[in-house]
Structure formats: structure tokens, C-alpha cells
**Student:** 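Mind having a look at this structure? Questions to follow.
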2 protein chains.
Amino acid sequence: MSHATSIQAAMGRYFGLAGSDRRLLERLERRPRRAAKGESLWSAHAVLGELYILQSGWACTIRDTCEGERQVIELLLPGDILGLREFTFRRHVTDAYMISPGIVCPFPHEDIVDLVAASTPLTIALFAAIGRQEALLSERMLVTLHHTARAQIAHFVIETFIRLAKLQPVDPAEMPFPISQRLLGQILGLSPVHINRTLRALERDGIMKKHKAFIVIQDEARLREMADFDGEYLSDQMDGLRTRLAALDVRGVTGA
Amino acid sequence: MSHATSIQAAMGRYFGLAGSDRRLLERLERRPRRAAKGESLWSAHAVLGELYILQSGWACTIRDTCEGERQVIELLLPGDILGLREFTFRRHVTDAYMISPGIVCPFPHEDIVDLVAASTPLTIALFAAIGRQEALLSERMLVTLHHTARAQIAHFVIETFIRLAKLQPVDPAEMPFPISQRLLGQILGLSPVHINRTLRALERDGIMKKHKAFIVIQDEARLREMADFDGEYLSDQMDGLRTRLAALDVRGVTGA
DNA sequence: CGTACCTTTGACGGCTGTCAAAGGAAGTGG
DNA sequence: CCACTTCCTTTGACAGCCGTCAAAGGTACG
């Protein structure tokens, strides 16, 4: 959890960023601050104010039903922008809070507009980031609705492993995973009781074991197999648009 | 189904568009063509080529599991852009096809880049459109994972009613709904058998009745109640950003 | 050292899936 | 215009995954 990722590194995943673009992103990170575990970053129905760049720690956005059930919508890892998906809304649709302690950089949500006005490549990178988050959501939907709890857990663990591995070296025998069984249930839409039973079964079968804040993956092959895992939706490749972006650059449309 | 909506009207939902922006959008609609019911617009894993503006008819994007189950990810109505969510991907993540016959306007996906370079307000409108589609997806996830089939159907019908009502006058006693029971199952993640049973029950209780291509809503109040429906996520309001956009305009950053 | 949260396990019930079969409705081709 | 095919709708029987309720032990933190 001590690993920190800047927004530059995260946005640079899709294609190289110009120096001017880097400076624009740096401005969003001017006010880093610590955020405690469980700290709320915003609440549903609140008028939009600041969004946050997550530099370290894990966070999530959630929705509650009126019967008191809670569903995690997205899991944010270091380098992600918290609230990007709803910056065009007047009021927040979700709640957001820190899963583990970390560092966040708040910035006014309207600053995204300036960023869009200032740099086309950066804007495309924002679209890419939103698109990836949305792909995660689609995939989760597919899995939660059509696979058993065992497959869902397997899928989520592999997906998270791959996302993490893009940020830092990760050992399958000790993968960071600061997620309680209750929270895992809220991510997958399962009861904590059933999560527990399924985790015990996975452990008995020698496939994986969850500890307090990390997971030991013992049999990655079987884990992938039972998750029916195809990671194409996690790809950062973006060849097609790079050509068009380069063309803009030549015409001097984007910032120098 | 004969009702057509231009992309201009759809994008203009969020705030007024300048004449220059309207012209940019018009260029995307230069090549309207008929699309048959069931026609495929793209397939998963295919390299991205053209995206489509949906002018009339209903369409959807789907994902298949390797066990042959099919999940609808998003339902597109006239005025929506098909593929906007994945224009930054190298390959398609979903399949897309027409639910009912309609008119689509294909355009190269790279043109979005030019559009972003040309107009900040238009780009913000694109973010707004993506954000709304994503809110639909989050809400669907919440409902499918935490409510019974009866509530899920009620929720989807009301949501679709509200979306339609933004495009054309809709009579609750004869709401267009060209969706088979099988497809409804693929939208909600339920088996067609169970969809059928639940629809019959809703009909017996005098709440709503689905016909071939339309729905009769008999008791909207009870339908809303059992759906636990809160439509805030469907709001098009965007006050906060309009101020910032106006500021850009004064400084002459956006096109005249 | 106590309080709060997390984990674990058992018993029981129910919503929903699967399998199977039959009756419509719609479109196709002769 | 009629046979044929195909897809959609409908219903019954049965099974199973998972939720709820309840209770106890463990662990962290103040």
C-alpha cells in the first residue's frame, strides 16, 4: 500500500505525453493530502465539488439501495481519477470512500474543462481512462450475472492482480488485497456469509487463500480457468487514434 | 419506431450548442442508411472501424460468455452514439446489433479525435453522454444484483419510459417496447422462462402488460414503488460546467 | 481491557435456472 | 395462397445456488 502512482504515469499508459501535457497534469496534483481508511470523499446527491486523484491506497464508489444494501460500482487503484465518470453531473450519483489509507489530490471538477480545452491528447487519455473503467463495470456485470460465486471471486482476483501489476511488481504468492469479506460481497453482490463459504472452499481446494490484507494465489492456472478469464478488456493499446493525434500535432492544433 | 432523433438534438440536451458545433455534428450524419432488425454493426474482437449515430430504431451492445450466455450491456435509443464508450480501444469489447429496424449514420471512429480538437463544449457533451450511459449501467447493476425479477422488470420499464419521453411524447398506455422476452432476459440477466412467469404475474396483478412491440402501463404508481425508482441518475442537468465553458468562450479558446 | 468489526459455521427457505414440451405468430418460398 | 420453417411465448416439474437468521470465536484498536 505504500506504493504511489502519479496521474502522469497512469495517463501515460495509453501513449506518450508531451511536456506541456505533463505540466497540466502536475497542476492537478498540487495539493496532496493523507486520507484515512474509511474516509468519505463525497456522498450521493451532494452537489459536485472536488474530484480526487488517487496517488496511493485503494478507494471505491458505491450505491446504496433504500433497503440498506450496498453495491460497489468501481474499485479505484493508485493513478485513477476518482469521480471522472460523473464530472458532468450536477450532483453525485455515488458515494466514494477510501478502502485503505492513502494519498489523494483534490481538485475542482471544473478544471477538467480547462484540461479539455488545453490538450486534445490529454482529453483522449481521459476518454481512455473512462472507457477502461466502464469496461471493468461491463465485465463485472457479465460475471456477476452469469457465473457462480466461486468463478466471480476468481475473476475479480485475477482482474485485480493484472490491474495491480501495471502499477508495481506483484508476487502472486503475496498479492496486496486490503478487502474484507464483507466488502468483497458488496463488490460482487453476494452476502458476506456466502463469500466466506466460497473462500473456505477455494482454500480447501488449494487454489488461493485470502488473508487480512493480501492473497496467496497457489494455482493461478486453475484460477484463470474457473474464472473464464479473457483479459482483452484490460488492454491499454490504442494504435488507431495515435495516428490521428499525430496528424493533429503536425497541423499545430494541440499545445506545443 | 418511425420517430427519428438527430445527434444535434441529443447532444443539445445538456446545454445549447453553437452554430459551429452543430455543423461539426452534421458532418457525422452525412451518410444515413437503413439498418435491418437483427443487423450486426460490429463484433467483439474486431478492430475498430466505424461507429454509428443511431437516428431511429433501437440497438444494443452485448457480451457473450464462453458458455454461450448473452448479456446486454447497453440499450441505445435514437440520438445515442453507438460505440462511443469504446472508441479508444484498438478492438471492440462488445458486439452491437439492431433490435428494431432503423437508420444509422456510420462514421470513422477517429473522427471523434477531430471533434475533440475542434470544440471543447462538444467534447464536454460527449463526456456527458458517456457518463449518462455509464450511470445507466451502474443502476442496472445495482438493480439486477439486489432486487427480484419483478422489481428489475419494473425498474427497466420505467427507466426506458423516461428515456423515451425525452425523445418523443409517450403514452403510458401504449409505450413502444420492441423487446422480446428472451432479449429482456438478456438485459436483466434472467432466463426467458422466468421473465415470462414474472410478466404473467405483473399482468395478473393489473400492473402492466407487455405485447409484441409495446407495453401498457396500467398502474404507474405501483410500478415505480416496486422498482424502488429514483431517477436522479437520468438527469441532464449540468449547471456547474456551463459557467466554466462560458468563461472559455469569452477568452476565445473555443471555435467561433 | 472492552468495544467494535471481521470471520466462521449450521440450519432453513426461496428465488431463479434447467429441462421438456406444446401452442402461437411471423416470415419464406413455392 | 398455402405449406414450412423459425422464433417467440407459455406452463409444469424439479433442482440448486445463495440469502437470511443466529451464534460464537477471533482480532484490532482506543
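Naming: A, B, ... by sequence-line order, numbering from 1 per chain. Remember, predicted model here, so these are calculated numbers, not experimental data.
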**Student:** Separation of A:Arg70 atom CZ from C:dC5 atom P, in whole Å?
**Tutor:** 13 Å
**Student:** For A:Glu225, check side-chain contact (heavy atoms from CB on, under 4.5 Å) against everything at least two apart and list the hits.
**Tutor:** A:Arg222
**Student:** Any salt bridge (charged side-chain N to carboxylate O under 4.0 Å, His left out) involving residues 43-57 of chain B? Give me the pairs, sequence neighbours left out, ordered by first then second residue.
**Tutor:** B:Arg31-B:Glu50
**Student:** Hey, does B:Gly189 reach any base, or is it just sugar-phosphate, or nothing, if we go heavy atoms under 4.0 Å?
**Tutor:** sugar-phosphate
**Student:** How would you list all residue pairs meeting salt bridge (charged side-chain N to carboxylate O under 4.0 Å, His left out) that involve residues 144-153 of chain B, not counting sequence neighbours?
**Tutor:** B:Arg150-B:Asp205
**Student:** Check the distance between C:dC12's P and A:His194's NE2 and give it to me in whole angstrom.
**Tutor:** 19 Å
**Student:** Provide a list of protein-nucleic acid N or O atom pairs under 3.5 angstrom, restricted to nucleotides 4-13 of chain D.
**Tutor:**
{"from": "D:dC8", "atom 1": "OP2", "to": "B:Arg182", "atom 2": "NE", "distance (Å)": "3.3"}
{"from": "D:dT9", "atom 1": "OP2", "to": "B:Gln181", "atom 2": "N", "distance (Å)": "2.7"}
{"from": "D:dT10", "atom 1": "OP2", "to": "B:Gln181", "atom 2": "NE2", "distance (Å)": "2.6"}
{"from": "D:dT10", "atom 1": "OP2", "to": "B:Asn196", "atom 2": "ND2", "distance (Å)": "2.7"}
{"from": "D:dT10", "atom 1": "O5'", "to": "B:Asn196", "atom 2": "ND2", "distance (Å)": "3.3"}
{"from": "D:dT10", "atom 1": "O3'", "to": "B:Arg200", "atom 2": "NH1", "distance (Å)": "3.4"}
{"from": "D:dT11", "atom 1": "OP1", "to": "B:Arg200", "atom 2": "NH1", "distance (Å)": "3.2"}
{"from": "D:dT11", "atom 1": "OP2", "to": "B:Arg200", "atom 2": "NH1", "distance (Å)": "2.9"}
{"from": "D:dG12", "atom 1": "N7", "to": "B:Arg197", "atom 2": "NH1", "distance (Å)": "3.3"}
{"from": "D:dA13", "atom 1": "N6", "to": "B:Arg197", "atom 2": "NH2", "distance (Å)": "3.4"}

**Student:** Test of understanding: with side-chain contact (heavy atoms from CB on, under 4.5 Å), list the residues that count as partners of B:Ala44, not counting sequence neighbours.
**Tutor:** B:Asp95
**Student:** Calculate the interatomic distance between B:Ile195 atom CD1 and C:dT16 atom P; express it in whole Å.
**Tutor:** 10 Å
**Student:** When the axes are fitted on five pairs at both termini, how much does the helix from C:dC1-D:dG30 to C:dG30-D:dC1 curve, in 10° steps?
**Tutor:** 60°
**Student:** What is the ring orientation for A:Phe177 with A:Trp58, classed by angle as parallel under 30°, tilted 30 to 60°, or perpendicular over 60°?
**Tutor:** perpendicular
**Student:** Once salt bridge (charged side-chain N to carboxylate O under 4.0 Å, His left out) is applied, what residue pairs with a partner in residues 131-147 of chain A remain, sequence neighbours excluded?
**Tutor:** A:Glu134-B:Arg85, A:Glu139-B:Arg63, A:Arg140-A:Glu159
**Student:** Supply the atom-to-atom distance A:Ile153 CD1 to A:Met208 CE, rounded to the nearest 0.5 angstrom.
**Tutor:** 6.5 Å
**Student:** Calculate the interatomic distance between A:Phe177 atom CZ and C:dT7 atom C1'; express it in whole Å.
**Tutor:** 15 Å
**Student:** Go through residues 136-153 of chain A and report each residue with a non-hydrogen atom lying under 4.0 Å from DNA chain D, sorted by number.
**Tutor:** A:Thr148, A:Ala149
**Student:** Who are the side-chain contact (heavy atoms from CB on, under 4.5 Å) partners of B:Ser235, not counting sequence neighbours?
**Tutor:** B:Gln237
**Student:** Would you list the pairs meeting ring-ring contact (aromatic ring centres under 6.0 Å, His included) in which at least one residue belongs to residues 201-223 of chain A, sequence neighbours left out?
**Tutor:** A:His211-A:Phe214
**Student:** Tell me the interatomic distance from A:Lys37, atom NZ, to D:dG30, atom P, rounded to whole angstroms.
**Tutor:** 11 Å
**Student:** Would you list the pairs meeting salt bridge (charged side-chain N to carboxylate O under 4.0 Å, His left out) in which at least one residue belongs to residues 165-184 of chain A, sequence neighbours left out?
**Tutor:** A:Lys166-A:Asp236
**Student:** For A:Glu29, give me all partners under side chain to side chain donor-acceptor pair (under 3.5 Å), at least two apart in sequence or on another chain.
**Tutor:** A:Gln55
